[in-house]
Amino acid sequence: MRNDLTEILYTEQQIAEMVAKLGEQITRDYKGKDLLVIAVLKGSNIFLADLIRKIDMPIEIDFIAVSSYGKSTKSSGVVKIIKDLDYSIEGKNVLIIEDIIDSGLTLHYLMDNFMTRNPESLEVCTLLDKPEKRVVDTKVKYSGFNIPDVFIVGYGLDYAEKYRNLPYVGVLDPKVYS
Ligand code: IMP
Ligand code: MG
């Protein structure tokens, strides 16, 4: 383990097992329907790549990029769309893919925004969730791991744009950001 991490929370193997489980659930639930998967950049990029290969049916993919923490580890509550979707979601079964839900502010904003575009259905899949940090209530249908209030990095998650390429999820040593 790197010396700027205090703990490995989930290994590559544990993540792969959870991703496969989520993929199976999604395949079962959407069988026979169309499905548009929307990844929230940049954090969910790696999760998306692994998850869609565990979804055993034809799907479409689109991306949206929103502003996040910058160099801080706390959500500002201000959400800005940096890159919008390429296509209309009207009449589509939409599944939002998130890396992690913390305060829920990002997701809450996105869901409100997407609902105005009249999708047929709108659900959320997140790999990681910090339920005790929730500020706004958000309906999450597919959720991988519940984690405590610690700042984590790896498997797509960053601190100041670094650590995204770690193949596991680890707890960042607070000395790095304090
Ligand atoms: P929320 O709006 O507070 O729910 O924050 C959601 C976004 O904050 C996620 O998509 C991540 O980009 C980022 N985030 C939240 N917690 C962490 C963490 O522990 N490590 C890295 N990024 C995080
Ligand atoms: Mg993110």
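Residue numbers start at 1 and run along the sequence shown. Counting starts at 1 for both ligands and their atoms, in listed order.
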Self-check item: No-hydrogen, no-angle side-chain donor-acceptor test under 3.5 Å, Asp99 and Tyr155
Solution: no
Quiz item: Looking only at side chains, do Thr6 and Asp173 share a donor and an acceptor under 3.5 Å apart?
Solution: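 Their side chains do not contain a donor-acceptor pair, so the 3.5 Å distance test is not met.
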Quiz prompt | Heavy-atom nearest option to atom 9 (C) of ligand 1, drawn from Ile100, Ile101, Val153 | solution =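 Looking at heavy atoms only, the winner is Ile100.
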Practice problem: Measure the acute angle between the ring planes of Phe151 and Tyr177, then classify it against the limits of 30° and 60° as parallel, tilted or perpendicular. | Solution: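 If you compare the ring of Phe151 with that of Tyr177, the planes turn out perpendicular.
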Quiz item: Should Asp56 and Arg28 count as an ion pair when the cut-off is N to O under 4.0 Å?
Solution: no
Practice problem: Answer yes or no: is there a donor N or O on one side and an acceptor on the other, between the side chain of Gln14 and the main chain of Thr11, under 3.5 Å? | Solution: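 Yes, the answer is positive, given that a donor and an acceptor are paired below the 3.5 Å cut-off.
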Quiz item: Does an N or O anywhere in Gly104 fall below 3.5 Å from an N or O of ligand 1?
Solution: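 N/O-N/O distance below 3.5 Å exists for this pair.
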Is there a heavy atom in [X] that sits closer than 4.0 Å to ligand 1?
X: Lys130; answer: yes
X: Leu107; answer: no
X: Asp158; answer: yes
X: Leu157; answer: yes
X: Leu128; answer: no

Per-atom contacts, ligand 1 versus [X] - under 4.0 Å to a heavy atom:
X: Thr106; value: 1 (P), 2 (O), 5 (O), 6 (C)
X: Ser103; value: 1 (P), 2 (O), 3 (O), 4 (O)
X: Val150; value: 19 (O)

Practice problem: Applying side-chain hydrogen bond (donor to acceptor under 3.5 Å, both in side chains), name anything that partners Arg2, two or more places apart in sequence or on another chain. | Solution: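 Per chain and number, Arg2 pairs via side-chain hydrogen bond (donor to acceptor under 3.5 Å, both in side chains) with Asp4.
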Let me have the donor-acceptor pairs involving side chains of residues 135-149, under 3.5 Å, with sequence neighbours excluded, atom names and distances please.
{"from": "Tyr142", "atom 1": "OH", "to": "Asp29", "atom 2": "OD2", "distance (Å)": "2.5"}
{"from": "Asp149", "atom 1": "OD1", "to": "Lys133", "atom 2": "NZ", "distance (Å)": "3.4"}

